[in-house]
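So the structure is just underneath, and the comments pick up after that.
When reading the values below, keep in mind they use all heavy atoms of this one structure, side chains included, and skip hydrogens, waters and symmetry mates. In this chain, residues are counted from 1 in sequence order. Values in this document were obtained by computation on a predicted structure and should not be read as measured data.
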Amino acid sequence: MAFWYDGALFEQDSAAALPFDNAGLRFGATVFTTMRIYRQDLTHPLTQWQGHCDRLTHSLQTFGWTPPDWVAIRSGCETLKSCYSILRITLFPDGQEWITGRDLPASLAQQQANGITCWVAPPDYTRSLPTHKTGNYLACWLARQQASSHGADEAILTNYQGDWLETSTGNLWGWAQGQWWTPLDTPCLPGLMRDYLRALLIANGQTVQGQRWDLPQLMKFDAIAYSNCAVQLIPVHTIISGTSKLKYNPQHFSFKAMQQQLTQLASA
């Protein structure tokens, strides 16, 4: 597996030296973004290159970290884009960059068509600094591990009021009363795919409501899905909440219409 570190390409059998006192290694002090490369093109609208760079920049400025060499980051992504469908750009407090790649999940098409099972995690698993993508992703990783032990594919993160916030890897979507809903005002990651879908829906004349996903709101949903830049939009057919199992329609017309539009945009 090839990767890019601090301005240089490293091949599968090579290693980059990371100091033992590195804050990223010791404390998870990094910020990152995960970007799907469409048609091996960083300028493709769905790749959202500028959006990923802007989100990283916002976190760097918020934390007061050293800006990276953006030319080197672009060069690294251009080098790796023909090898991988998904690139992860990780930035360290001192301005160094680390770019790795992976392929799309083998089960992605099946999950998009048939949906997945989610497990509702207790509030102890809420992410640290939830409006930023930091290297301290332990809560999300543990929540997803627990979800797997319950026979689920993904975890839904909650707060101490019982509101649903986001999944361990993406943003939540629901369909109720003839319109879309997403938790816009909760302390969770402002996902790039969520923002892209929201703008697309509004441009098509649809309504997207943002409010707390508390129990009264949850009882209204006919269908639920989650989104991120790698998987686009994946419906949910079952949600495990305590001893209860909530069932939803993964082939709901609203999801199918959105998935079809995304497929057309991806091939453009």
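Among residues two or more places apart in sequence or in another chain, the salt bridge (Lys or Arg N to Asp or Glu O under 4.0 Å) test is passed with R36 by none. Looking at residues two or more places apart in sequence or on another chain, you find no side-chain hydrogen bond (donor to acceptor under 3.5 Å, both in side chains) involving R198. Residues passing the side-chain hydrogen bond (donor to acceptor under 3.5 Å, both in side chains) test with H237: none are found, sequence neighbours excluded. Remark: R74 pairs with E78 by the salt bridge (Lys or Arg N to Asp or Glu O under 4.0 Å) rule, at least two apart or across chains. For D6, there are no salt bridge (Lys or Arg N to Asp or Glu O under 4.0 Å) partners, not counting sequence neighbours. Applying the ring-ring contact (aromatic ring centres under 6.0 Å, His included) rule to F63 yields the partners W65, H132; only residues at least two apart in sequence or on another chain are considered.
Among pairs with a residue in residues 216-243, none fulfils salt bridge (charged side-chain N to carboxylate O under 4.0 Å, His left out), at least two apart in sequence or across chains. Among residue pairs with one or both ends in residues 141-160, those qualifying as salt bridge (charged side-chain N to carboxylate O under 4.0 Å, His left out) are R144-E154; sequence neighbours excluded. Residue pairs meeting the ring pair (Phe, Tyr, Trp, His ring centres under 6.0 Å) criterion with at least one member in residues 69-91: none, sequence neighbours excluded.
To the nearest 0.5 Å, the span separating CG on L215 from OG on S241 amounts to 9.0 Å. The CD1 atom of I224 lies 13.0 Å from the NZ atom of K247; values are rounded to the nearest 0.5 Å. Between atom CG of residue L142 and atom OH of residue Y137 there is a gap of 13.5 Å, rounded to the nearest 0.5 Å. Expressed to the nearest 0.5 Å, how far CG of L87 lies from OG1 of T47 amounts to 9.5 Å. Here the straight-line distance linking atom OG1 of T167 with atom CD1 of I234 works out to 9.0 Å at 0.5 Å rounding. A distance of 9.5 Å separates CG of L192 from CG of N171, quoted to the nearest 0.5 Å.
Taking every heavy atom of both residues into account, Q161 and R212 meet most closely at CB-NH2, 4.3 Å. G191 and R55 make their closest contact through CA-NH1, 3.9 Å (heavy atoms, listed as atom of the first residue, atom of the second, distance). In terms of heavy atoms, A29 sits closest to P93 at O-CD, 3.0 Å. Shown here for T90 and R88, the closest heavy-atom pair between the two residues is OG1-NE, 3.3 Å. Closest heavy-atom contact between T30 and G24: CG2-CA, 3.8 Å.
Through direct or indirect side-chain contacts shorter than 4.5 Å among Ile, Leu, Val, Met, Phe, Trp and Tyr, L200 is connected to Y38, L46, W173, W175, W180, M193, Y196, L197, L201, I202, V208, L233, F253, F255, M258, L262, L265. Cluster partners of Y160: none. The rule joins Ile, Leu, Val, Met, Phe, Trp and Tyr whenever side-chain heavy atoms lie under 4.5 Å apart, and it links nothing here.
Between the side chains of Q48 and D195, no donor N or O sits under 3.5 Å from an acceptor N or O.
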Inset, instruction - Kindly determine whether C188 and R194 satisfy side chain to side chain contact (heavy atoms under 4.5 Å, CB included), including the steps that lead there. - result: CA-CA 12 Å; C188 59; R194 184 192 67 176; 4.2 Å; yes
Inset, instruction - Show the numbers, then the answer: is there a side chain to side chain contact (heavy atoms under 4.5 Å, CB included) between I156 and I239? - result: CA-CA 9 Å; I156 293 175; I239 294 179; 3.9 Å; yes
Legend entry - Chi angles and distances behind the side chain to side chain contact (heavy atoms under 4.5 Å, CB included) call for T186, N159: CA-CA 9 Å; T186 54; N159 61 20; 5.7 Å; no
Legend entry - Worked check of side chain to side chain contact (heavy atoms under 4.5 Å, CB included) between F221 and V236: CA-CA 12 Å; F221 289 129; V236 176; over 6 Å; no
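The shortest distance between side-chain heavy atoms of F32 and T34 falls below 4.5 Å. For the pair L165 and P130, the minimum side-chain heavy-atom distance is 4.5 Å or more. Using a 4.5 Å heavy-atom cutoff, the side chains of C77 and I89 are in contact. L91 has its side chain within reach of L60: a pair of non-hydrogen atoms, C-beta onward, lies under 4.5 Å apart.
In this structure, W119 contributes its side chain and Q146 its backbone to no donor-acceptor pair below 3.5 Å. T79 contributes a side-chain N or O that, together with a main-chain N or O of S75, makes up a donor-acceptor pair within less than 3.5 Å.
In the hydrophobic cluster analysis, where Ile, Leu, Val, Met, Phe, Trp and Tyr join through side-chain heavy atoms closer than 4.5 angstrom, V31 is grouped apart from F27.
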Side chains of residues 97-114: which donor-acceptor pairs under 3.5 Å do they make with residues two or more places apart or in other chains?
residue, atom, partner, partner atom, Å
E97, OE2, W4, NE1, 3.0
E97, OE2, G7, N, 2.5
Q112, NE2, V231, O, 3.0

